[in-house]
There are 2 protein chains.
Amino acid sequence: MAAATPAHADSRSDPTPRAGLPPGAAPVPVGMKIGALASRSGLPVKTLRYYEELGLLPAVCRSSGGYRLFAEDSLRRLEFIRRLKTLGLSLEEIQGSLAVHDSGALPCADLEIQLGRQIERIDGRIRELRQLRKELQGLLAGWQSNPARDGELICPNLQV
Amino acid sequence: MAAATPAHADSRSDPTPRAGLPPGAAPVPVGMKIGALASRSGLPVKTLRYYEELGLLPAVCRSSGGYRLFAEDSLRRLEFIRRLKTLGLSLEEIQGSLAVHDSGALPCADLEIQLGRQIERIDGRIRELRQLRKELQGLLAGWQSNPARDGELICPNLQV
DNA sequence: CTATGGCGTCCAGTTGACTGGAGAGTCAAG
DNA sequence: CTTGACTCTCCAGTCAACTGGACGCCATAG
């Protein structure tokens, strides 16, 4: 069992629609089916279909049976998506960068802006959380677990 | 226009179902309708119904016409909810404290725990955000807006 | 009487990124 | 031919906290 036992050997799946190539040329598969892409990328099939539906992950074409066929570079695309997701970008933002890529340009300048914005969002969020933390801390500093009842107040510590 | 011009004078709305009270006693309304509570609390009617549905805001009873009637203390209850929401507690958590209150006890000890947990959640979240920020910062520190193309990489800066 | 407005229930939609399932078609192995 | 794995589309549900709308009853002013 040295080699030649791919879990999803999906090469010869469909009559590749090319004509007039020299016979004996290397077998160039037109694409992999979604299950192969799923197992190679580690993402669920459902997620891949969802990405395709959003336009993040275009399929090369459909097989005669209606199956999505993906190119090899779909894997790189998914890596790109995964990376940007871990950096906190939304799929919509990622789609923007991919659109730049698909237009033939490098998305780096675009991404620099997006990631810069992401830092700002994070800073804003951290500020909010710190403020909230401060408020909670202050509240708990003077907290009495068993205070005297204060009129109709639900919680005397909060004065409400 | 000194007084006596409430926007929603909903006192005499329904025949209060009490019998045998001394005549001449102060008019004690059995409750206010949802619109009155809405305008006095500043919350939308829809939200109040939603809270009631969740069990956060029990109505005293229904009028003969099927209208929810709320007690005066509903206002305090809503203040309590509002306050805890600004402190980041979920409605479910707030409901827990209200349940303690409704059982006749002070919710302070319970709340102390909840708010302590909230601080921990915040700390965790801040740590995550700081880590993410660091990663983004590091990435952008060496960022090249217009790098050379690197093979099939979508973004050379990210190496994906 | 009507007209108006408040209130009732029930159902659906919002946001984001999926996830689950039904029911049917495809395809290769045995 | 059958089986089983794989795939398709379409629809619904998840989480939270609402929000919007349709349709109909209730109550009161004129």
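Just so it is clear: chains get the letters A, B, ... in the order the sequence lines come, proteins before strands, and each one is counted from 1.
The stretch residues 95-104 of chain A participates, sequence neighbours left out, in these salt bridge (charged side-chain N to carboxylate O under 4.0 Å, His left out) pairs: A:R77-A:D102. For residues 37-47 of chain B, the salt bridge (charged side-chain N to carboxylate O under 4.0 Å, His left out) pairs, not counting sequence neighbours, are B:R40-B:E72. Screening residues 107-121 of chain B for salt bridge (charged side-chain N to carboxylate O under 4.0 Å, His left out) gives B:E93-B:R121 as the qualifying pairs, with residues at least two apart or on separate chains.
Evaluation of the salt bridge (Lys or Arg N to Asp or Glu O under 4.0 Å) rule for B:R133 yields A:D123 as partners, not counting sequence neighbours. With sequence neighbours left out, B:D73 forms a side chain to side chain contact (heavy atoms under 4.5 Å, CB included) with B:A71, B:R76. Partners of B:K85 by side chain to side chain contact (heavy atoms under 4.5 Å, CB included), not counting sequence neighbours, listed by chain and number: B:Y51, B:I81, B:L91, B:I94. The side chain to side chain contact (heavy atoms under 4.5 Å, CB included) check on B:D150 picks up B:L153, B:P156, B:Q159, with sequence neighbours excluded. Residues satisfying the side chain to side chain contact (heavy atoms under 4.5 Å, CB included) test with A:S74, not counting sequence neighbours, are A:L37, A:L57, A:F70.
Rotation axes derived from the C1' atoms of the five outermost pairs at either end of the helix from C:dC1-D:dG30 to C:dG30-D:dC1 lie 50° apart, to the nearest 10°.
Residue-to-nucleotide contacts include no donor-acceptor pair under 3.5 Å from the side chain of B:K33 to the base of C:dG8. The base of D:dT7 has none of its N or O atoms less than 3.5 Å from a complementary donor or acceptor on the side chain of A:Y67.
Distances shown here put a side-chain N or O of A:S64 below 4.0 Å from the OP1 or OP2 atom of C:dC27. Taking side-chain N and O atoms only, A:R68 has a distance below 4.0 Å to OP1 or OP2 of D:dT9. The shortest distance between the side-chain N/O atoms of A:T47 and the OP1/OP2 oxygens of C:dT19 is below 4.0 Å.
Near DNA chain C, meaning a heavy atom under 4.0 Å from it, residues 49-57 of chain A has A:Y50, A:Y51 in order of number. In the region residues 116-126 of chain B, proximity to DNA chain D at under 4.0 angstrom, judged on heavy atoms, holds for none of the residues. Of the residues in residues 73-96 of chain A, those placing a heavy atom less than 4.0 Å from an atom of DNA chain C are A:K85, A:S90, A:L91, in numerical order.
Across all their heavy atoms, A:S41 and A:L78 have their closest contact at CB-CD1, 3.7 Å.
Listed nucleotides: C:dC7, D:dG20, D:dT7. Nearest to the side chain of A:V45: D:dT7.
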Would you please test B:E128 and B:R125 for salt bridge (charged side-chain N to carboxylate O under 4.0 Å, His left out) and show each step? CA-CA 5 Å; B:E128 286 172 10; B:R125 188 77 188 112; 2.6 Å; yes
Given A:L84 and A:L111, is the side-chain contact (heavy atoms from CB on, under 4.5 Å) satisfied, shown in steps? CA-CA 9 Å; A:L84 291 182; A:L111 267 175; 3.7 Å; yes
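If A:I34 and B:G66 are placed on DNA chain D by their nearest nucleotide, the residue sitting closer to the 5' end is A:I34.
For B:R82 and B:E79, the salt-bridge test passes: some basic side-chain N is under 4.0 Å from an acidic carboxylate O.
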